[in-house]
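To start, the structure itself, in structure tokens.
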Amino acid sequence: MEGFKCIHCEKEWTKDVDYVCPSCQGNLDIVYDYSSWAKKYPRSYWKDNRDFSIWRYAPFLPVSDLTKAPRLQIGWTPLYKMENKMGSKKDNPAWGKLYLKDDGRNPSASFKDRASAVALVHAREQKASRVVGASTGNAGASMACLAASVGMPTTIFVPHTAPQAKIAQLLIFGAQVIMIEGTYDEAFDLCFQIAQEYGWYNRNTGYNPYTREGKKTCAFEICEQLDWKVPDWVFVSVGDGNIISGLWKGFQDLYQCKLIDRLPKLGSVQSTLSNAITQAVEHYLTHKKIEIRPVQARTSADSISVDMPRDGVAAVKAIVASQGQAVSVTDEEILDGMKEIAQKGGVFGEPAGVASFAGYKKLLTEGIVGKEETAVCVITGNGLKDVPSAIKAAGKPTVVPAELEKIKKYIGK
Ligand SMILES: Cc1ncc(COP(=O)(O)O)c(C=O)c1O
Ligand SMILES: [Zn+2]
């Protein structure tokens, strides 16, 4: 690690900077000296590496003391190639080229564990006494889970509307829960003030540059699991924009050190009811200027319900640089996607987790994703985190009397 570069004003800083750009308060990107990487870490290095977790990529991460890493299994989640029947359109062979990356298999059942893990090691390296964070639910649950495993106290701010399962996670992992009678955006700002006043380590998405670094490990895994063949597309759902910018950072790292020879197009997927980044990309394409304007988020995909994306500039830059697409899908399309990948792929994702698939399907239908192109949809959260949405998507079961004849009659129907 060499230092930081501001994503907004592009000024470079040494390692001593805390969190954001001292000049413009913009989010920071961590800068590395790539020159030694290609020689030191060729493909053969990875083949012989027996650590199947995010820590196999430790040389590419901005932390050094791995004795401070949680012992839980984080990352190296499965990448499943879907069968042709996916999508159920006989005339659409592209469905056979779809992969699902099941990140609901992480310790707290979401992608966020990648970020929390790196932030936690950094916090411990800094001798932090407590980690604080604001969350729509998953980032907090993740932080609480990993911190619990190493005895680090946490304080988590969440909106009172967060699904019960995520609140249960916070409580069972022993976090101090501050449930805000307000939105995620309000929780974020209040958390920021408390962190400053109490001198606690702040994990907030976008604001803390270490979260993006953890998230990039998913891109490393995708490439390695595909034997270094880069997919044409990578789809992911977007709220604050930190996951998508993290994925892009990961592909950049691999490209810079010649482990891959091309870059994928990024598919950014938002709900039509929370689409500040989709709008910002459209604005950029016509005006060549990045402007992130807040929306009034109302989607029931709670994890991506964000008024003001906290890593919006990095996300827009990533989508545009990859020559990708920013697409919005309706909440109904998200629930249809949830049912389809569960019933045809055996993967159960929460609404925000499967929005990636809904966006992929939309762009495939519109012909923007070619039928011969390979695509990875990252499933960022497990479906058991939001059971009411699953029931809404799949329907309620019929109660049948405990009598053989009546059961047969029901089966006959
Ligand atoms: C399951 C899930 N998917 C996607 C996202 C979106 O990530 P980001 O806010 O970094 O865009 C989140 C964020 O909370 C999430 O929990
Ligand atoms: Zn700056």
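Note that ligands are numbered from 1 as they come in the structure, with each ligand's atoms numbered from 1 the same way. Just so it is clear, the values below take in all heavy atoms, side chains as well, and ignore hydrogens, waters and symmetry mates. The residues of the chain are indexed from 1 along the displayed sequence.
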Looking only at distances, please establish whether an N/O atom of ligand 1 is found under 3.5 Å from an N/O atom of G239. yes
Could you list the atoms of ligand 1 found under 4.0 angstrom from a heavy atom of E350? 1 (C)
Does the Lys NZ or Arg CZ of R114 fall within the cation-pi geometry relative to F111 - under 6.0 Å from the ring centre and within 45° of the axis? yes
Is it the case that the ring center of W76 lies less than 6.0 angstrom away from the ring center of F52? yes
Enumerated ligand 1 atoms positioned under 4.0 Å from heavy atoms of I304: 4 (C), 5 (C), 6 (C)
What protein heavy atom lies closest to atom 4 (C) of ligand 1? Include the residue and the distance to one decimal. S237 OG, 3.1 Å
Closer than 4.0 angstrom: is that true for some heavy atom of K385 and an atom of ligand 1? no
Under 3.5 Å: donor-acceptor pair, side chain of E125, backbone of S64: yes
Ligand 1 to V238 polar contact by distance, N or O atoms, under 3.5 Å: no
Please report which non-hydrogen protein atom sits nearest to atom 2 (C) of ligand 1, along with the residue it belongs to and the distance in Å to one decimal place. T380 OG1, 3.3 Å
Lys/Arg cation over aromatic W46: R56, 6.0 Å, 45° cone: no
Taking G337's backbone N and O only, do any of them form a donor-acceptor pair with K361's side chain (distance below 3.5 Å, no angle check)? no
Proximity to ligand 1 by part of I243, non-hydrogen separation under 4.0 Å: both
Just one of S135, S142, S303 clears the side chain to side chain donor-acceptor pair (under 3.5 Å) bar with K166, so which one? S303
Between the Zn ion (ligand 2) and C21, is there an N, O or S atom separated by less than 2.8 Å? yes
heavy-atom search around atom 9 (O) of ligand 1 in the protein gives D240 N, 2.7 Å
Taking the side chain as every heavy atom from C-beta outward, state whether N202 and Y19 have any pair of such atoms under 4.5 Å apart. yes
Using the Zn ion (ligand 2) as the apex, give the angle to atoms SG (C24) and SG (C6), rounded to 10 degrees. 100°
Return the closest protein heavy atom for atom 14 (O) of ligand 1 as residue, atom name and distance. K112 NZ, 2.7 Å
Any donor-acceptor pair under 3.5 Å from S356 side chain to V378 backbone: yes
Mark up the atoms of ligand 1 that fall under 4.0 Å of a heavy atom belonging to T136, in ascending order. 14 (O)
Is the terminal nitrogen or CZ of R310 (NZ for Lys, CZ for Arg) located under 6.0 angstrom from the six-membered ring centre of F188 and within 45° of that ring's axis? yes
Going by distance only, is there an N or O of G353 that falls short of 3.5 Å from an N or O of ligand 1? no
At under 4.0 Å between heavy atoms, is it the side chain or the backbone of I244 that contacts ligand 1, or both, or neither? neither
Quick check on S110 - does any of its heavy atoms sit under 4.0 Å from an atom of ligand 1? no
More than 12 foreign heavy atoms under 6.0 Å from CZ of R105: is that the case here? no
To which protein heavy atom is atom 16 (O) of ligand 1 closest, and what is the distance rounded to 0.1 Å? N138 ND2, 2.8 Å
Would you say ligand 1 has an N or O under 3.5 Å from any N or O of N242? yes
Kindly indicate, with the supporting measurements, whether the criterion side-chain hydrogen bond (donor to acceptor under 3.5 Å, both in side chains) is fulfilled by S328 and Q270. CA-CA 5 Å; S328 303; Q270 296 200 290; 5.6 Å; no
Can you confirm whether K288 is buried at NZ, in the sense that more than 12 heavy atoms of other residues, nucleotides or ligands lie under 6.0 Å from that atom? yes
Around atom 15 (C) of ligand 1, find the nearest protein heavy atom and jot down its residue, atom name and distance. S303 CB, 3.4 Å
Closer than 4.0 Å to some heavy atom of K215 - which atoms of ligand 1 meet that? 10 (O)
